[in-house]
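Heads up: the structure comes next, in C-alpha cells.
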Amino acid sequence: MYEGAGVGYKEVGLIETRESAEAIARAFVDARRTGAPLPDYPGSVPQSLDEAYGIQACAIAMTDQNIAGWKVGRIPDGLVAAFGSDRLAGPIFAGSIVEAHSGEIPAMPMFPEGFGAAEAEYLLRLGALPGSFDREWTNGDVARFVDEIRVGIEVASSPFPGINDHGPAVTISDFGNNNGLVIGADIARGVEFHDWPVALAIDGVVAGRGTAAGMLDGPFGAVRFLFERSRDHGLALAAGQWISTGAITGVHPVRVGQAVEARFGDSYAVGCTLR
C-alpha cells in the first residue's frame, strides 16, 4: 500500500505510476495555491478509484493544511458498476471552513477560470469515534458517532474547468472538487429532517429542489461510507471533523460575484457569496 495522510491506494508496482501520481498531485496543489487555471488535466487521466485516491493522497501529503472534514459526493448510477462504488470522498481543509452565524453571508473563494458550483448539504460532525472500524456498519450504527447536525453549503471548485466532465476518478484526484464549506444553523437531534423540502437559489432564482430522502440512503449513509473507507483503506477520520454528506438539490454552477442561498424546511437558511 502507498499511504498518504491515512488514505491508501494499491500500488501497481511501477515506479513511473507513483511518479505520475505525484506529478498530477503537484500540479493541482500548485494551481490551488497560486489560483492559476489548469486548462487541461495535468497528466494521464486515472482509470480507477484506487489510482484517483492515490493522487489525492499524494496531494494531501504535499500540503501543510489540517483536514477538518470530508466531502462525500455521489457517483452517477451509470458509472457505479464500472467504478465499484456509488460515492466518492475528498478532504475539507480547516482554512476553507466558515461558520455563518445568524444573518452572516460569508464571501467564499472559487477559481474564476476553473470550475465552480454550490451545493445545499446537511453537515454531520463526528463525535467520539470507535476504537476500531474493523466491522460491518449500518446507518444506525454510525449515527451514534455523530454529535451535531447542521445545514450548510459546499463550494465545489477546481482550477481544472473539466473536473466533473471526465468521471469520478478525475473528481477524486483534485481533493474531490471541494474548495470550502459554509456551516449554518444546528438541527436538534431527534428531529426528522430527511423529508424536509430543500431549495438552492442563485441570485434569488431557484436552481434546484430536493430532499435528503432522495440521496441514495441519506446523510448517515455518507458517514457509513466513510467508516467503510476507514476500515478498508485507512481513511483518517477524527472527532470534530465535519462530513459534507452530498448535494441535495444538485451541483449548481456559479460565477464570482453571485449570491447563493440554501433553504431547508420552513425555518432554516444559509447563504454565501462567491469571490
Side-chain angles (χ1 to χ4, degrees), residues 28-29 31-35 59-60 63-73 89-112 114-127 146-159 163 174-187 193 198-204 207-208 212 219 222-223 226 237-265 267-275:
F28 276 121
V29 169
R32 282 177 171 268
R33 186 184 68 253
T34 64
I60 290 171
T63 72
D64 57 0
Q65 302 180 70
N66 179 51
I67 296 175
W70 295 93
K71 66 83 55 77
V72 176
I92 305 173
F93 296 110
S96 70
I97 296 177
V98 176
E99 187 160 351
H101 300 284
S102 180
E104 292 183 347
I105 309 293
M108 301 297 289
M110 61 169 286
F111 297 96
F115 175 89
E119 304 171 10
E121 309 211 6
Y122 288 109
L123 313 179
L124 277 53
R125 190 178 72 178
L126 298 178
V146 170
D147 69 0
E148 200 165 318
I149 302 171
R150 301 277 196 110
V151 298
I153 295 171
E154 181 194 353
V155 177
S157 191
S158 168
I163 187 74
D174 184 24
F175 296 136
N177 195 19
N178 176 265
N179 200 53
L181 199 64
V182 182
I183 300 175
D186 173 73
I187 299 173
F193 60 87
V198 178
L200 186 137
I202 300 171
D203 288 340
V223 179
L226 293 177
L237 298 177
Q241 288 181 339
W242 287 99
I243 310 305
S244 189
T245 59
I248 303 165
T249 67
V251 179
H252 307 290
V254 291
R255 301 186 307 273
V256 169
Q258 290 189 306
V260 176
E261 182 183 59
R263 291 192 168 272
F264 302 77
S267 55
Y268 287 82
V270 60
C272 69
T273 60
L274 283 306
R275 61 173 175 84

Mind checking whether Phe93 and Phe175 have parallel, tilted or perpendicular rings, split at 30° and 60°?
-> perpendicular
Anything under 3.5 Å between a donor and an acceptor, one on a side chain of residues 177-184, the other on a protein residue two or more places apart or in another chain? List them.
from, atom 1, to, atom 2, distance (Å)
Asn177, OD1, Ser157, N, 3.4
Asn178, OD1, Gly180, N, 3.3
Asn178, ND2, Glu154, OE2, 3.1
Asn178, ND2, Gly180, O, 3.4
Asn179, OD1, Arg32, NH1, 3.2
Asn179, ND2, Pro109, O, 3.0

Any chance you could measure Arg125, atom CZ, to Gln241, atom CD, to the nearest 0.5 Å?
-> 12.0 Å
Nearest-0.5 Å distance, CZ of residue Arg255 to CE of residue Met110 = 9.5 Å
Do Pro112 and Leu274 come within less than 4.5 Å of each other through their side chains, counting heavy atoms only?
-> no
Going through the checks in order, is the side-chain contact (heavy atoms from CB on, under 4.5 Å) test met by Leu126 and Leu226?
-> CA-CA 11 Å; Leu126 298 178; Leu226 293 177; over 6 Å; no
Shortest non-hydrogen pair, Gly250 vs Glu119, comes out as O-CG, 3.9 Å
Could you pull out the closest heavy-atom pair between Ile149 and Asp186, with the gap in Å?
-> O-OD1, 3.2 Å
Heavy-atom closest pair, residues Ser244 and Glu121 | OG-OE1, 2.6 Å
Gap between atom CD1 of Ile163 and atom CZ of Phe28 - 0.5 Å precision = 5.0 Å
Identify the two heavy atoms, one from Gly271 and one from Pro106, that lie closest to each other, and give their separation to 0.1 Å.
-> O-CD, 3.3 Å
Roughly how far, to the nearest 0.5 Å, is the OG1 atom of Thr245 from the OH atom of Tyr122?
-> 9.0 Å
Quick one: are Val260 and Val254 in side-chain contact, heavy atoms under 4.5 Å?
-> yes
Distance-minimising heavy-atom pair for Val270 and Ala100 | CG2-CB, 4.3 Å
Heavy-atom pair of closest approach, residues Ile153 and Ala118 = CG2-CB, 4.3 Å
Residues two or more places apart in sequence or in another chain: which of them pass side chain to side chain donor-acceptor pair (under 3.5 Å) with Asp203?
-> Gln258
With Arg150 via salt bridge (charged side-chain N to carboxylate O under 4.0 Å, His left out) - residues at least two apart = Glu99, Glu148
In Å, rounded to the nearest 0.5 Å, how long is the span from CG of Leu200 to CD1 of Ile248?
-> 9.5 Å
Please tell me if the side chains of Arg263 and Glu261 come closer than 4.5 Å, counting only heavy atoms from C-beta onward.
-> yes
Find out whether Leu123 and Ile243 are in side-chain contact, i.e. whether some heavy atom of one side chain is under 4.5 Å from a heavy atom of the other.
-> no
Any chance you could lay out the ring-ring contact (aromatic ring centres under 6.0 Å, His included) test for Phe193 and Phe264, step after step, and finish with the verdict?
-> CA-CA 9 Å; Phe193 60 87; Phe264 302 77; 9.3 Å; no
Are Trp70 and Pro91 side-chain neighbours, meaning at least one heavy-atom pair lies under 4.5 Å?
-> yes
Could you check if a side-chain atom of Val251 sits within less than 4.5 angstrom of a side-chain atom of Phe115, using non-hydrogen atoms only?
-> yes
